[in-house]
Amino acid sequence: MSGAHPWEGNWKVRLYERVRERGYESLTSFAEARPTASLVALAEELGEDDITGVQVFSGLVAEAERSKRLTRLVRGQFVRELYEALPDGWPTVMDDANRFKVAKALGMWSAYTPETHEDRVDQVRAALRASPPPPGWRPLGPDDELLLTLLPDEEV
């Protein structure tokens, strides 16, 4: 389906076919094998021309809801956004440029937060502003110790 519009045909079937072709049973296991890859990078790996990051995220949310692991998904998306915006980790100096990078990462994370977790994400954002993590902090997956402290697995 190369060159086709990503929303043409049954994109969900196409998405899961690509995941299985790569040896994974679920989209979640595919994504968790690449914990710092952006949604766009995941989509491009699955089909550069006919899978989008939004489609990947939609599938991840559906799987997380079914398995009651939505909080883990939210933490995982935090990792993806932070890694993309701050590849060297949390800034040592919070100058204007770094404040913008942090705000962008947190804003993108909020944009991808399911409604059920919006209040908790707001609390995490406030906690990070009030007490920033150590310079260089860069969670590499959803099980990062500090991230688990900020956003534990209690489902809402």
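For the numbers below, each heavy atom of this structure counts, side chains included, while hydrogens, waters and symmetry mates do not.
The two residues Pro142 and Gly76 come nearest to each other via the heavy atoms CB-N, 3.8 Å. Of all non-hydrogen atoms in Val79 and Gly141, the two that sit nearest each other are CG2-O, 3.4 Å. Minimum heavy-atom separation, Ala37 to Ala41: CB-CB, 4.2 Å. For Val102 against Trp90, the heavy-atom pair with the smallest separation is CG1-CH2, 3.6 Å. Minimum heavy-atom separation, Ala105 to Ala85: CB-CB, 3.6 Å.
Both Leu82 and Leu150 belong to a single network of hydrophobic side chains, linked directly or stepwise wherever heavy atoms of I, L, V, M, F, W or Y lie under 4.5 Å apart. Linking ILVMFWY residues whenever their side-chain heavy atoms come closer than 4.5 Å, directly or via other members, places Tyr112 and Leu73 in the same cluster. When hydrophobic clusters are built by joining Ile, Leu, Val, Met, Phe, Trp and Tyr residues whose side-chain heavy atoms come closer than 4.5 Å, directly or via intermediates, Val56 is grouped together with Leu70. Note on Phe100: it does not cluster hydrophobically with Leu128, by side-chain heavy-atom contacts below 4.5 Å among ILVMFWY residues. A continuous path of hydrophobic side-chain contacts links Leu42 to Val19 [ILVMFWY only; heavy atoms under 4.5 Å].
Salt bridge Arg34/Glu45: present, at least one basic N to carboxylate O contact under 4.0 Å. Salt bridge absent: Glu118 and Arg125 never bring a charged side-chain N and a carboxylate O closer than 4.0 Å. A salt bridge links Arg75 to Asp153: one of the charged nitrogens lies within less than 4.0 Å of a carboxylate oxygen.
Between the side chain of Arg14 and the main chain of Glu8, a donor-acceptor pair closer than 3.5 Å is present. In this structure, Gln77 contributes its side chain and Thr113 its backbone to no donor-acceptor pair below 3.5 Å. Formation of a donor-acceptor pair under 3.5 Å by the Gln55 side chain with backbone atoms of Pro6 is found in this model.
In this structure, Leu27 CG and Ser58 OG are separated by 9.5 Å, a value rounded to the nearest 0.5 Å. In this structure, Leu86 CG and Lys104 NZ are separated by 10.0 Å, a value rounded to the nearest 0.5 Å. The CZ atom of Arg66 sits 9.5 Å away from atom OG of Ser26, with the distance rounded to the nearest 0.5 Å. The structure places OH of Tyr16 at 3.5 Å from CD of Glu63, a figure rounded to the nearest 0.5 Å. Interatomic distance, Ile51 CD1 to Lys12 NZ, rounded to the nearest 0.5 Å: 12.5 Å. A distance of 7.5 Å separates CZ of Arg99 from CE of Met94, quoted to the nearest 0.5 Å.
In the displayed structure, Asp119 atom CG is contacted under 6.0 Å by at most 12 heavy atoms of other residues, nucleotides or ligands. The 12-atom threshold is not exceeded at CD of Glu145, counting heavy atoms of other residues, nucleotides or ligands nearer than 6.0 Å.
Side-chain contact between Val74 and Pro114 is present, with at least one heavy-atom pair separated by less than 4.5 Å. A 4.5 Å side-chain heavy-atom check between Val40 and Thr52 finds every atom pair outside the cut-off. In this structure, the side chains of Pro152 and Arg120 come closer than 4.5 Å at one or more pairs of heavy atoms. Put simply, the side chain of Glu84 does not reach to within 4.5 Å of the side chain of Thr36, judged on heavy atoms. Within the 4.5 Å cutoff, the side chain of Leu39 has no heavy atoms near those of the Val54 side chain.
For residues 127-138, the set of pairs meeting the side chain to side chain donor-acceptor pair (under 3.5 Å) definition, not counting sequence neighbours, comprises Trp137-Asp144.
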Next item on the list: Begin with the C-alpha distance, continue with both residues' side-chain angles, and end with the deciding distance and a verdict on side chain to side chain contact (heavy atoms under 4.5 Å, CB included) for Asp50 and Trp11.
Entry: CA-CA 8 Å; Asp50 61 357; Trp11 64 266; over 6 Å; no
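Considering only residues two or more places apart in sequence or on other chains, Arg80 meets the salt bridge (charged side-chain N to carboxylate O under 4.0 Å, His left out) condition with none of them.
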